[in-house]
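In what follows, a structure is listed as structure tokens, so that the remarks can point back to it.
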Amino acid sequence: MSLPFSQSQPELTSLRSPRVNAARRLSRRAQRGKERRFIAEGPQAVREAVDFGTLPDGSHSVVEIYTTFEAAERHADLIARARAERVPVLTATDEVIAAVCQTVTPQGIVAVCRFVDATFASVLAAKPRLVALLANVRDPGNAGTVLRTADAAGADAVVLTDASVDLYNPKAVRASVGSLYHLPVAVGVPVEEAVAGLREAGIRVLAADGAGDRDLDAELDEGTLGAPTAWLFGNEAWGLPEETRALADAVVRVPIHGHAESLNLATAAAVCLYASARAQRAPGGCRS
């Protein structure tokens, strides 16, 4: 297979170049928010970003791609796709890629991308039937994993409250494994506003909490999960505060049938979202 570039000299070689410095600054949340740009690392994330295409303002979701010669050869189809979309692709040294990435072992290709989050109003306007609402979730890996899980379960949207981690944190982007581009994600919504909006849209809001007075098995047996539902998930360490639980229509616990003390956030989210997904697709459910 022929290489898409000449291997004479990479275009990005200096860690002090303005372009590389600008990309490195996107490791900071404030800078990401100011520029509404972030870094996607690795071929899977870059491919999803390229395939996402154009934003409502007509700009492409990818600003530009940096790749080593070796990565360009391994992922020649991705490079060709990007160039067909008129996305600038620049060759770089391993040192430049490592400086831009946050991973210990970069895969040789990164992209500078534009934000793709949706407005909360647009999420509600689409009449979602299954939503993951993250309140005070601070761990970026957990946030990205819940986003990936929601995508896999067929959820219609994810909402991150204003007290939650940045959606575009490098760890969150990596943990989402491309799901960031598969369903609408609204960010920065106050939890009270989120719950009120979802309820007004006819969506039952269930708070997932180990101390809940309702049992997930009971919800399934009674058929209540077949209706449009938003699952409210809390902080990894302390869960949901009482004032947040009080906003929900019900507080539901995942039953522990063995001797484990509890489930971590991502696991509990998977159990709850898949329970709703199955109920909604069963006869009589809102997707049946």
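- Partners of Arg129 under the salt bridge (charged side-chain N to carboxylate O under 4.0 Å, His left out) rule, at least two apart in sequence or in another chain, do not exist in this structure.
- Taken together through direct or relayed side-chain contacts under 4.5 Å among Ile, Leu, Val, Met, Phe, Trp and Tyr, Phe233 and Ile256 form part of one hydrophobic cluster.
- In this structure, CG in Leu225 is found 4.5 Å from OG in Ser276, a value given to the nearest 0.5 Å.
- In terms of heavy atoms, Pro43 sits closest to Leu78 at O-CD2, 3.8 Å.
- Remark: the backbone N or O of His60 is paired with a side-chain donor or acceptor of Arg114 at under 3.5 angstrom.
- Legend: salt bridge (Lys or Arg N to Asp or Glu O under 4.0 Å) pairs involving residues 171-193, not counting sequence neighbours, sorted by first then second residue: Glu41-Arg174.
- Following chains of ILVMFWY side-chain contacts shorter than 4.5 Å, one cannot reach Ile109 starting from Phe38, and the two form parts of different hydrophobic clusters.
- Using a distance-only test at 3.5 Å, with no hydrogens or angles considered, no donor-acceptor pair links the side chain of Asp117 to the main chain of Val185.
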Would you mind writing out the side-chain donor-acceptor pairs for residues 135-146 within the sub-3.5 Å range, not counting sequence neighbours?
from, atom 1, to, atom 2, distance (Å)
Arg138, NE, Ala163, O, 2.9
Asp139, OD1, Gly141, N, 3.0
Asp139, OD1, Asn142, N, 2.8
Asn142, ND2, Glu236, OE2, 3.4
Thr145, OG1, Gly141, O, 2.8

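- Distance check, rounded to the nearest 0.5 Å: OG1 of Thr91 to CG of Leu12 gives 7.0 Å.
- With sequence neighbours excluded, no residue satisfies ring-ring contact (aromatic ring centres under 6.0 Å, His included) with Tyr66.
- Note: Leu130 CG to Tyr274 OH = 10.5 Å, rounded to the nearest 0.5 Å.
- Between Ile203 and Ala230, the closest heavy-atom pair is CG2-N, 3.4 Å.
- Atom CZ of Arg74 is separated from atom OG1 of Thr68 by 6.0 Å, given to the nearest 0.5 angstrom.
- The distance from atom OG1 of Thr67 to atom CD of Glu11, rounded to the nearest 0.5 Å, is 10.5 Å.
- Checking each of Thr161, Val158, Val189 against Leu133 for a side chain to side chain contact (heavy atoms under 4.5 Å, CB included) leaves exactly one that passes, namely Thr161.
- Contact check for Pro170 versus Ile39: no side-chain heavy atoms found under the 4.5 Å cut-off.
- Under the salt bridge (charged side-chain N to carboxylate O under 4.0 Å, His left out) criterion, Arg199 pairs with Asp249, sequence neighbours left out.
- Considering all non-hydrogen atoms of both residues, Glu48 and Gly178 come closest at CG-CA, 3.7 Å.
- Counting only residues at least two apart or in different chains, salt bridge (Lys or Arg N to Asp or Glu O under 4.0 Å) contacts with residues 54-65 comprise Arg19-Glu64.
- Phe115 is linked by a ring-ring contact (aromatic ring centres under 6.0 Å, His included) to Tyr168, counting only residues two or more places apart in sequence or in another chain.
- Residues passing the salt bridge (charged side-chain N to carboxylate O under 4.0 Å, His left out) test with Glu243: none are found, sequence neighbours excluded.
- Nearest heavy-atom pair across Gly226 and Gln280 is O-CG, 3.7 Å.
- With respect to the salt-bridge test (charged N to carboxylate O, under 4.0 angstrom), the residues Arg28 and Asp166 do not qualify.
- Partners of Tyr181 according to the ring-ring contact (aromatic ring centres under 6.0 Å, His included) rule, which considers only residues two or more places apart in sequence or in another chain, are Phe52.
- How far CG of Leu232 is from CG of Leu240: 5.0 Å, rounded to the nearest 0.5 Å.
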Step-by-step salt bridge (Lys or Arg N to Asp or Glu O under 4.0 Å) determination, Arg253 to Asp209:
CA-CA 5 Å; Arg253 67 183 183 276; Asp209 192 282; over 6 Å; no
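- Using a 4.5 Å heavy-atom threshold, the side chains of Gln44 and Gln107 count as separate.
- Pairs passing the salt bridge (Lys or Arg N to Asp or Glu O under 4.0 Å) check and including a residue from residues 260-281, sequence neighbours excluded, do not occur.
- Looking at Asp213 and Arg245, no side-chain N of the basic residue comes within less than 4.0 Å of a carboxylate O on the acidic one, giving no salt bridge.
- One hydrophobic cluster holds both Leu90 and Val110 under the rule that ILVMFWY side chains link at heavy-atom gaps under 4.5 Å.
- For Glu219, the salt bridge (charged side-chain N to carboxylate O under 4.0 Å, His left out) test picks out Arg204, Arg214, with sequence neighbours left out.
- Heavy atoms only, all atoms of each residue included: Gly108 and Ala71 are closest at O-CB, 3.3 Å.
- There is a path of hydrophobic side-chain contacts, each under 4.5 Å, that joins Leu206 to Leu220.
- The shortest distance between side-chain heavy atoms of Arg24 and Leu15 falls below 4.5 Å.
- Inter-residue side-chain proximity for Leu124 and Leu198 is flagged as met; some heavy-atom pair is nearer than 4.5 Å.
- Considering only heavy atoms from C-beta on, Val50 comes within 4.5 Å of Ile65 through its side chain.
- Under the 3.5 Å distance criterion, with hydrogens and angles disregarded, no donor-acceptor pair is assigned to the side chains of Ser176 and Ser179.
- Contact check for Val159 versus Val131: side-chain heavy atoms found under the 4.5 Å cut-off.
- Taking 4.5 Å as the limit, some side-chain heavy atom of Leu167 sits within range of a side-chain heavy atom of Leu147.
- Considering all non-hydrogen atoms of both residues, Ser61 and Ala49 come closest at OG-O, 2.6 Å.
- Pairs of residues two or more places apart, or lying in two chains, that qualify as salt bridge (Lys or Arg N to Asp or Glu O under 4.0 Å) and include a residue from residues 85-97 are Arg81-Glu85.
- In the hydrophobic cluster analysis, where Ile, Leu, Val, Met, Phe, Trp and Tyr join through side-chain heavy atoms closer than 4.5 angstrom, Val62 is grouped apart from Val116.
- The closest side-chain heavy-atom distance from His257 to Asp217 is below 4.5 Å.
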